[in-house]
Number of protein chains: 2
Amino acid sequence: MKTLVSRCPIEEVMQVLSGRWPTLLIYYLKDGTKRFSDLRRDNPTISHKMLTLELRKLEDAGIISRTEFEGYPLHVEYDLTSVGERLVPLIDALGDWWEEAIGPDAPHNEFATPKSRSVT
Amino acid sequence: MKTLVSRCPIEEVMQVLSGRWPTLLIYYLKDGTKRFSDLRRDNPTISHKMLTLELRKLEDAGIISRTEFEGYPLHVEYDLTSVGERLVPLIDALGDWWEEAIGPDAPHNEFATPKSRSVT
DNA sequence: AGTAAATTACGCACTTTTTTGTAACCACGA
DNA sequence: TCGTGGTTACAAAAAAGTGCGTAATTTACT
């Protein structure tokens, strides 16, 4: 994780949560322990490589934990940490905001009010 | 805005808020009306191209409004919409979460507890 | 009077950088 | 030989930076 020099916590959060996968992975992990292969099944469009990279990033940030099990075949389990769990309701709130403000059933979505740029 | 096919509101929110700039721009606009050049001054490292693109994206999402004024030199004002304003406390919450859970003063940040991957 | 410069918010074409995908390879033991 | 959870190298794609051009008027200079 290339750490950007920044005094702004928002900027730092976005370093970790930005992109398509982090919030989704957190969401899948909300339901409990998952293995690498589970997460791939949950999200078939993520590539093998991206999944490892994203999981590593979340692990480095302290949002998820990674545990190796020595059994055969060897496997790994991923879980939200308590820090990660505290993040879930915040992501939920963003989803709710989207649905009521902007989503397809919202009163002011882009189809209901086609944008015209105001000129004075 | 290339609209991704997705049933998940989280995925859709992240399409708009992902990246370094969207949340920052929303933050600067929290203080009131800003012009293009103000926003560039607020954030000197964004290129003019990126600023126009990001502003357009936020406008299309209904988060900010754009108003042209006919005077000379012609100028443009940007503001948060009411929808955008409702987003501010959510972004705030993310910043707070970061600071108390992960930021430099948090008890479990990456320096206090250097990650060791657990093996069972 | 004529010309030139400055201002504001971009658009466009081109290049560079970053991110992501693809495929091959690895170890382990049943 | 399979399945697990990776790593690595190379290629493709996407994102971002750079520099130039534009509009229409005021001001500044010659």
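In the text below, chain A, chain B and the rest are named by the order of the sequence lines, each starting its count at 1.
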Student: Checking contacts here: which listed nucleotide (D:dG6, D:dG3, C:dT8) is nearest the side-chain heavy atoms of B:Pro73?
Tutor: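 That would be C:dT8.
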Student: In whole angstrom, what separates B:Glu77's CD from C:dT8's C1'?
Tutor: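 Spelled out: CD on B:Glu77 to C1' on C:dT8 is 13 Å.
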Student: May I ask you to evaluate whether A:Arg35 reaches the phosphate of D:dT4, defined as a side-chain N or O under 4.0 Å from OP1 or OP2?
Tutor: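 No, no such contact exists.
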Student: Can you identify which nucleotide, out of C:dT20, C:dG21, D:dG6, has its nearest atom closest to the A:Glu54 side chain?
Tutor: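 Closest nucleotide among those given: C:dT20.
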Student: Looking only at side-chain N and O atoms, does A:Trp98 offer a donor or acceptor that is under 3.5 Å from a partner on B:Glu12?
Tutor: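 Yes, A:Trp98 and B:Glu12 have a side-chain donor paired with an acceptor closer than 3.5 Å.
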Student: Whole-Å distance between C:dT8 C1' and B:Lys34 NZ?
Tutor: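 Spelled out: NZ on B:Lys34 to C1' on C:dT8 is 17 Å.
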Student: Expressed in angstrom and rounded to an integer, what is the separation of A:Leu53 atom CG from D:dA9 atom P?
Tutor: 14 Å
Student: Rounded to whole angstrom units, what separation is found between the CD atom of B:Glu68 and the P atom of D:dA23?
Tutor: 16 Å
Student: Partners of B:Thr52 by side chain to side chain contact (heavy atoms under 4.5 Å, CB included), sequence neighbours excluded?
Tutor: B:Phe36
Student: Between A:His75 and B:Ile46, just flag the one whose closest nucleotide in DNA chain D comes earlier from the 5' side.
Tutor: A:His75
Student: If you assign B:Asp38 and B:Lys49 each to the DNA chain C nucleotide with the nearest heavy atom, which residue ends up on the more 5' nucleotide?
Tutor: B:Asp38
Student: Using a cut-off of less than 4.0 Å, is there contact between a side-chain N or O of A:Ser37 and OP1 or OP2 of D:dG5?
Tutor: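 Checking A:Ser37 against D:dG5: at least one side-chain N or O falls below 4.0 Å of OP1 or OP2.
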Student: With a cut-off of less than 4.0 Å, is there a side-chain N or O of A:Tyr78 near OP1 or OP2 of D:dG6?
Tutor: yes
Student: Are any side-chain N or O atoms of A:Thr33 and backbone N or O atoms of A:Glu77, one a donor and one an acceptor, separated by less than 3.5 Å?
Tutor: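 It does not hold such a pair.
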Student: Looking at D:dG6, C:dG21, C:dC10, which one has an atom nearest to any side-chain atom of A:Ser47?
Tutor: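 Nearest to the side-chain atoms of A:Ser47, counting from C-beta on, is C:dG21.
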Student: Using only atom types and a distance under 3.5 Å, with no angle test, would you say the side chain of B:Trp97 pairs donor to acceptor with the backbone of A:Val83?
Tutor: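 Yes; at least one donor-acceptor contact below 3.5 Å.
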Student: Could you give the NZ-to-P distance, from B:Lys57 to D:dA14, as a whole number of Å?
Tutor: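 So the two atoms are 15 Å apart, to the nearest Å.
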Student: Output the rounded distance in Å from NE2 (B:His48) to P (D:dA16).
Tutor: 15 Å
Student: Is any side-chain heavy atom of B:Lys49 closer than 4.5 Å to a side-chain heavy atom of B:Leu53?
Tutor: yes
Student: With a cut-off of less than 4.0 Å, is there a side-chain N or O of B:Arg56 near OP1 or OP2 of C:dG11?
Tutor: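 Checking B:Arg56 against C:dG11: at least one side-chain N or O falls below 4.0 Å of OP1 or OP2.
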Student: Rounded to whole angstrom units, what separation is found between the CZ atom of B:Phe36 and the C1' atom of D:dA23?
Tutor: 16 Å
Student: If you assign each of A:Gly19 and A:Leu74 to its closest nucleotide in DNA chain C, which residue comes earlier from the 5' end?
Tutor: A:Gly19
Student: The side chain of A:Arg66 is closest to which nucleotide in this list: C:dG21, D:dG6, C:dA9?
Tutor: D:dG6
Student: Just how far, in rounded Å, is C1' of C:dA9 from CG of B:Leu39?
Tutor: 12 Å
